[in-house]
S.K.: 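Questions regarding the structure given below will be posed in turn.
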2 protein chains.
Amino acid sequence: MSSTRAKAVPDRRRAILDAAVRVFARQGFHACRVSDIADEAGVAYGLLYHYFPSKEEVLNTLFLERWGVMLEMIREVDRKPVPVREKLGAIASFIIDSYRHDPDLMKVIIVEVTRAANSFGQTHLGQIREAYRLIGEIVTKAQQEGIFKAEIDAEFAAMTFYGAIEQVLTGWIFGLLPQGDEDLERAKQMVVETVCGGLEC
Amino acid sequence: MSSTRAKAVPDRRRAILDAAVRVFARQGFHACRVSDIADEAGVAYGLLYHYFPSKEEVLNTLFLERWGVMLEMIREVDRKPVPVREKLGAIASFIIDSYRHDPDLMKVIIVEVTRAANSFGQTHLGQIREAYRLIGEIVTKAQQEGIFKAEIDAEFAAMTFYGAIEQVLTGWIFGLLPQGDEDLERAKQMVVETVCGGLEC
DNA sequence: TCGCAGATTGACTGATCAGTCAATCTATCC
DNA sequence: GGATAGATTGACTGATCAGTCAATCTGCGA
């Protein structure tokens with residue numbers, strides 16, 4: 001099969017998705033043309049429509065691919081018998097490392113989907129909500145164990161936690177905060193420190 | 001002069017701005033047509049271009065009007081000789097009360113400008129940054145007074161604080177969080193409580 | 001070698017919409 | 001009551017671009 005061959009058939013679908021990440025990150029979803037994506041991928045205009053029914057569906061695919069990995073990761077972390085701080089720390093680490101590994105993709109997901117609740121966020125509200133719900137569950141358990149204050153609403157705490165991380169990523173994306181390797185590492189600690197500090201009894 | 005007359009000349013410019021808030025909130029800036037705004041304002045299409053050079057400039061005007069008030073409010077609060085918690089509490093209250101008073105306007109500002117850093121956020125990055133800077137200053141002072149931990153970067157703390165508030169507003173805007181009067185009041189306390197709790201020594 | 005299916009091409013179409021502009025209206029002042 | 005300036009109108013234009021489609025290419029099995 002092709003996946004075992006050294007010189008496999010070029011995967012145009014993947015090339016289109018990767019090109020789209022770069023183009024969306026550079027120009028934004030609405031500002032770019034489908035031809036920009038095709039050009040960036042080194043592929044004819046019409047081929048995009050061979051693999052995807054629309055420009056929108058390209059963005060949807062990018063988002064769902066990545067968001068699914070994150071949700072799965074949160075579920076997995078939650079299953080482990082470790083303290084809250086460690087769970088939240090793992091989530092913060094995962095998101096921040098995702099940014100380190102592929103800043104363009106995270107920029108697209110945050111700017112065009114997660115923070116664009118009017119357009120694509122609307123479509124994916126369910127997925128986004130699920131992330132809040134999972135984080136909220138972690139908070140609830142910590143409250144039941146008497147580690148977190150019971151009087152703060154868990155969903156609310158989850159939004160605060162995720163909101164803080166996303167805001168920091170946004171700061172990096174738009175050059176409002178320094179983003180050396182040490183900065184990313186410190187950010188992980190600081191987010192968890194700040195939020196847990198405020199929530200613990 | 002007209003402002004003293006009971007039946008003053010109708011202020012079409014204002015009518016257009018108010019209509020734009022409703023239309024942008026309902027359909028989003030990119031998805032709506034200029035004719036939608038004109039219709040909503042009960043005014044001819046061309047009149048919008050008599051008062052504004054472009055559709056964009058209508059949104060810019062709405063944003064700058066409101067953001068300017070907020071920046072001035074933060075500066076004023078900072079001048080008062082009150083504890084940090086009270087300062088941050090006043091900021092949270094102002095933003096949340098702004099939402100209570102005119103949810104459509106806040107939705108537009110957050111969804112189309114503040115969180116749309118790719119399009120309009122870019123244009124207004126300076127204004128947005130200024131808010132972070134002012135909040136960061138408040139945090140810095142608290143650190144100098146020994147009330148807040150010195151090891152957390154002030155700009156970072158400012159983003160966490162503002163990010164948490166904005167995320168909660170976003171939750172209300174898109175129906176992810178309950179938004180009764182009590183919820184709004186509790187949110188003010190919870191945001192300040194959580195962030196200060198995490199930052200205090 | 002032939003024929004087929006799927007991959008690939010890019011010119012073209014149809015719809016959309018921001019912005020223009022010449023015409024008309026209205027208020028005000030002399 | 002006439003003249004002027006600014007307000008108001010809405011039909012029209014020009015550009016843009018997502019999506020279509022018929023034509024061509026390529027790899028592979030018979």
Side-chain angles (χ1 to χ4, degrees), chain A residues 1-24 26-63 108 112-113 116 118-120 123, chain B residues 1-24 26-63 108 112-113 116 118-120 123:
Chain A
M1 53 189 82
S2 70
S3 64
T4 59
R5 297 284 317 283
K7 206 53 188 271
V9 177
D11 184 349
R12 314 293 211 170
R13 196 185 118 96
R14 192 73 248 167
I16 290 169
L17 285 171
D18 292 345
V21 168
R22 275 170 274 144
V23 173
F24 291 161
R26 197 189 310 132
Q27 307 173 231
F29 177 82
H30 290 290
C32 82
R33 287 165 291 169
V34 171
S35 64
D36 293 331
I37 303 173
D39 290 351
E40 177 83 23
V43 132
Y45 184 91
L47 193 61
L48 189 142
Y49 289 93
H50 181 68
Y51 289 109
F52 302 94
S54 67
K55 184 188 176 187
E56 262 196 44
E57 196 52 32
V58 175
L59 179 56
N60 288 342
T61 304
L62 289 172
F63 170 75
V108 170
E112 306 293 346
V113 186
N118 237 12
S119 42
F120 286 99
T123 318
Chain B
M1 57 189 79
S2 69
S3 63
T4 60
R5 295 287 315 285
K7 204 70 190 257
V9 177
D11 185 349
R12 315 291 213 172
R13 196 185 118 97
R14 193 72 250 166
I16 290 168
L17 286 171
D18 292 345
V21 168
R22 274 169 278 148
V23 174
F24 290 161
R26 197 189 311 134
Q27 307 174 233
F29 177 82
H30 290 291
C32 82
R33 285 163 294 164
V34 170
S35 64
D36 293 331
I37 303 174
D39 290 352
E40 176 84 23
V43 132
Y45 184 91
L47 194 62
L48 190 142
Y49 289 93
H50 181 68
Y51 289 109
F52 302 94
S54 68
K55 183 186 177 189
E56 261 195 44
E57 195 53 32
V58 175
L59 178 56
N60 288 342
T61 302
L62 289 172
F63 170 75
V108 170
E112 305 293 346
V113 186
N118 236 12
S119 44
F120 286 98
T123 317

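Chain letters run A, B, ... following the sequence lines, proteins first, then strands; residues in each count from 1. Predicted, not measured: the structure shown is a model, and the values here were computed from it.
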S.K.: Ignoring hydrogens, what is the shortest heavy-atom contact between B:Ile16 and B:Ala41? Give both atom names and the distance.
M.R.: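 Minimum heavy-atom contact is CA-CB, 4.1 Å.
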S.K.: Measure the spacing between CG of B:Asp18 and CD1 of B:Ile37 and express it to the nearest 0.5 Å.
M.R.: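 That separation rounds to 12.0 Å.
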S.K.: Under 4.0 Å from any atom of DNA chain D, heavy atoms only: list the residues of residues 26-40 of chain A that qualify, in numerical order.
M.R.: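 Per residue number, the list reads A:Cys32, A:Arg33, A:Val34.
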S.K.: Using a cut-off of less than 4.0 Å, is there contact between a side-chain N or O of A:Tyr45 and OP1 or OP2 of C:dG10?
M.R.: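 Checking A:Tyr45 against C:dG10: no side-chain N or O falls below 4.0 Å of OP1 or OP2.
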S.K.: Output yes when at least one side-chain N/O atom of A:Tyr49 is less than 4.0 Å from OP1 or OP2 of C:dG10, else no.
M.R.: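 For C:dG10, neither OP1 nor OP2 has a side-chain N or O of A:Tyr49 closer than 4.0 Å.
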S.K.: Whole-Å distance between D:dC21 P and A:Leu48 CG?
M.R.: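 Atom CG in A:Leu48 sits about 17 Å away from atom P in D:dC21.
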S.K.: NA contact type, B:Phe52, heavy-atom cut-off 4.0 Å: base, sugar-phosphate, or nothing?
M.R.: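 Nothing, no heavy atom under 4.0 Å.
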S.K.: Output the distance between atom OG1 (A:Thr123) and atom CZ (A:Phe63), rounded to the nearest 0.5 Å.
M.R.: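 Answer rounded to 0.5 Å: 9.5 Å.
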S.K.: Can you measure B:Ile16 atom CD1 to D:dT9 atom C1' for me and round it to whole angstrom units?
M.R.: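 From B:Ile16 CD1 to D:dT9 C1': 12 Å.
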S.K.: With a 4.0 Å limit, can you tell me whether B:His50 has a side-chain N or O closer than that to the phosphate oxygens OP1/OP2 of D:dT8?
M.R.: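 False: B:His50 side-chain N/O out of range (4.0 Å or more) of D:dT8 OP1/OP2.
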S.K.: If I take atom CD from residue B:Glu40 and atom CZ from residue B:Arg26, how far apart are they, to the nearest 0.5 angstrom?
M.R.: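 The CZ atom of B:Arg26 is 4.5 Å from CD of B:Glu40, to the nearest 0.5 Å.
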S.K.: How many whole angstroms separate atom CG of B:Leu47 from atom C1' of C:dC25?
M.R.: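 Checked: the CG to C1' distance equals 13 Å.
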S.K.: A:Arg13 versus A:Thr61: any side-chain heavy-atom pair under 4.5 Å?
M.R.: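 Yes, their side chains come closer than 4.5 Å.
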S.K.: Nearest 0.5 Å please: distance from the CG atom of B:Leu59 over to the CD atom of B:Glu56.
M.R.: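 Going from the CG atom of B:Leu59 to the CD atom of B:Glu56 covers 8.0 Å.
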